[in-house]
Amino acid sequence: MKVEKIAFPQRFLWGAATAAFQVEGATGVDGRTDSIWDTFCRIPGAVVGGDNGEPAADHYRRFEQDVRMMADLGLGAYRFSIAWPRVRPDGGAVNQAGLDFYQRLVDTLLEHGIAPWPTLYHWDLPQKLEDAGGWAARDTAFRFADYAATAVEALGDRITTWTTMNEPWCSAFLGYAAGIHAPGRAEPEAAVAAVHHLLLGHGLAAEAIRAANSHTRVGITLNMYPIIPADPAAPGDQDVARRLDGLQQRIFLDPLFRGEYPADVVEDLEPFGFAANVRDGDLGVISAPIDMLGVNYYTEHYVSASPNGASSAASPWVGVDQLSFPRRDFPLTDMGWEVRPDGLTSVLLRLHEQYPRVPLYITENGAAFRDELDSDSAILDVDRTSYIESHLRAAHDAIEAGVDLRGYFCWSLLDNFEWAEGYAKRFGIVHVDYETQVRTPKMSARWFSQVARDNALVAVP
Ligand code: FCB
């Protein structure tokens with residue numbers, strides 16, 4: 001019998017991820033004020049089931065137990081986000097009580113030998129700043145840098161890697177164009193302004209972080225996926241793929257790594273006044289070298305100029321979802337997303353081949369499936385386990401091809417508030433009973449724990 005062993009590089013980081021609004025709960029305590037997500041959840045019909053940030057996984061109160069569980073699982077790192085409305089409520093003065101929570105969390109992680117891996121912005125803009133224009137307003141980028149400086153001053157001595165933003169595409173396009181995420185605006189001009197101001201905020205925050213602590217590493221996390229034309233020979237499909245790839249990927253990657261926006265995207269966005277947002281010097285701030293790039297990967301998109309016979313005359317800013325459709329031949333997760341592990345290899349290779357090389361980390365990957373407790377209170381989430389396994393193999397393929405991939409965080413440690421889908425979609429490797437807040441590691445958690453300990457996938461055929 002031959003045991004198959006796929007070993008990962010030495011010091012490969014194994015972790016799990018969450019985000020503040022999705023897990024913390026305790027939205028009204030210790031001086032926290034509303035974020036755009038608190039407000040958005042109050043709009044009837046905005047979130048499935050009328051769900052909101054309470055109770056989430058009550059992580060604010062149960063973090064010690066959660067850290068112990070991570071240690072039991074053998075995780076090397078915990079990716080969490082810091083809530084801006086706790087640390088600088090309303091985007092204003094520093095709130096010590098809010099900072100204290102993250103001090104306790106970081107200290108507890110370190111006591112358990114787990115590297116704290118914070119993200120400064122995972123979508124919870126203080127509502128007061130939205131009232132002043134939100135990410136469509138240039139000033140928000142400067143407020144973000146102030147908040148980053150506060151966080152680094154308080155925690156910087158214990159953090160080795162900071163992530164400025166999580167998936168700015170979602171903040172800009174889902175929040176300000178499609179209107180299906182907070183703040184729920186459907187204003188294309190605001191969305192394209194938000195793209196630039198999020199990137200500027202990243203650059204200014206990175207400067208502030210480095211000024212406070214020159215030894216730290218700074219990066220950003222982007223959501224990446226291949227965009228594949230349904231008919232590669234059809235000019236219409238090719239153009240849709242180019243346009244969407246421009247809006248999804250290159251509009252972020254090019255300024256970060258090349259110091260310029262892609263010319264075709266600037267032209268596509270001309271009717272929305274994109275270029276007018278960009279001032280002299282901005283691109284220099286945005287393109288200051290970063291120390292790592294986080295990649296969130298879930299699926300790939302198959303796009304057509306006329307999906308299901310609909311016209312593609314849709315505005316150029318419309319998100320990929322409107323023009324993509326699942327093929328019949330691949331399994332779907334509970335989100336309706338195709339399971340496409342080889343797309344992960346492709347995005348990693350693309351970064352490796354087309355952009356200046358920086359260490360890469362998969363900062364999110366995972367899947368929602370319907371989990372049910374069996375009679376022994378166990379959850380045999382075979383689908384999720386095999387999803388993660390196939391993506392780890394795909395990540396390993398990229399490493400073999402030379403990609404400098406240094407870690408993998410599964411999304412998510414805990415079942416949590418899945419944005420507009422509310423609590424109905426479960427991504428956790430640990431089940432959360434929202435009534436009792438009891439945590440139950442699923443089969444995927446046990447399996448992932450073994451992979452982390454072995455630093456390898458070990459399969460006995
Ligand atoms: C990503 C988000 C994360 C989570 C997963 C499923 O886009 O960053 O918070 O909701 O999707």
Side-chain angles (χ1 to χ4, degrees), residues 15-25 35-37 40-41 46-49 51-53 56-57 59 78-84 117-125 163-175 177-178 180-182 198 202 219-225 247-249 252 293-301 319-321 324 332-340 343-344 347 361-371 381 383-384 387-388 391 408-430 432 444:
T18 64
F21 192 74
Q22 295 180 275
V23 295
E24 285 180 358
S35 74
I36 52 176
W37 271 95
F40 187 69
C41 290
V47 174
V48 171
D51 290 344
N52 57 38
H59 184 59
Y78 176 43
R79 176 177 183 252
F80 59 96
S81 79
I82 297 178
W84 187 348
W117 191 281
T119 298
L120 286 162
Y121 187 67
H122 202 127
W123 308 354
D124 43 2
L125 182 71
T163 299
T164 53
M165 305 260 171
N166 176 72
E167 301 188 359
W169 178 84
C170 294
S171 297
F173 290 103
L174 300 182
I180 57 172
H181 274 193
L198 284 153
H202 153 78
I220 184 169
T221 278
L222 302 177
N223 48 327
M224 304 267 320
Y225 24 73
L247 283 179
Q248 305 269 321
Q249 321 278 250
F252 298 102
L293 177 70
V295 173
N296 291 355
Y297 178 81
Y298 290 94
T299 189
E300 66 183 19
H301 289 286
V320 71
D321 292 337
S324 68
L332 301 180
T333 69
D334 197 24
M335 296 293 281
W337 298 345
E338 285 181 4
V339 179
R340 300 296 296 138
L344 174 59
V347 299
Y361 290 82
I362 295 169
T363 38
E364 286 182 27
N365 175 245
F369 287 109
R370 280 165 213 270
D371 300 313
D381 55 338
D383 290 347
R384 181 174 296 98
Y387 179 99
I388 298 174
H391 286 74
Y408 175 96
F409 292 80
C410 73
W411 182 272
S412 175
L413 177 71
L414 301 166
D415 286 337
N416 62 50
F417 174 81
E418 179 44 36
W419 308 114
E421 302 288 338
Y423 295 100
K425 302 285 189 256
R426 292 181 178 270
F427 274 90
I429 55 172
V430 174
V432 175
S444 54

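Counting starts at 1 for both ligands and their atoms, in listed order. On a predicted model such as this, the values are computed, not experimentally measured, just so you know.
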Can you list everything that forms a salt bridge (Lys or Arg N to Asp or Glu O under 4.0 Å) with D334? Sequence neighbours excluded, please.
R370
Taking only residues two or more places apart in sequence, or in another chain, which ones meet E167 in a salt bridge (Lys or Arg N to Asp or Glu O under 4.0 Å)?
none
Testing W117, Y297, F409 for ring pair (Phe, Tyr, Trp, His ring centres under 6.0 Å) with Y361, which one passes?
W117
Once you restrict both partners to nitrogen or oxygen, which atoms of ligand 1 have a protein partner under 3.5 Å, and how far apart are they?
unit_1, atom_1, unit_2, atom_2, d
ligand 1, 7 (O), E167, OE1, 2.5
ligand 1, 7 (O), E167, OE2, 3.1
ligand 1, 8 (O), H122, NE2, 3.3
ligand 1, 8 (O), N166, ND2, 2.9
ligand 1, 8 (O), E167, OE2, 3.4
ligand 1, 8 (O), E364, OE1, 3.2
ligand 1, 8 (O), E364, OE2, 3.0
ligand 1, 9 (O), Q22, OE1, 2.7
ligand 1, 9 (O), H122, NE2, 2.8
ligand 1, 9 (O), W419, NE1, 3.0
ligand 1, 10 (O), Q22, NE2, 3.3
ligand 1, 10 (O), E418, OE1, 2.6
ligand 1, 10 (O), E418, OE2, 3.3
ligand 1, 10 (O), W419, NE1, 2.9

On the 0 to 90° scale, with breaks at 30° and 60°, tag the H181-W419 ring pair as parallel, tilted or perpendicular.
tilted
Between F417 and Y423, is the gap from one ring center to the other below 6.0 Å?
yes
Residues that N52 engages under side-chain contact (heavy atoms from CB on, under 4.5 Å), provided they are two or more places apart
C41, E54
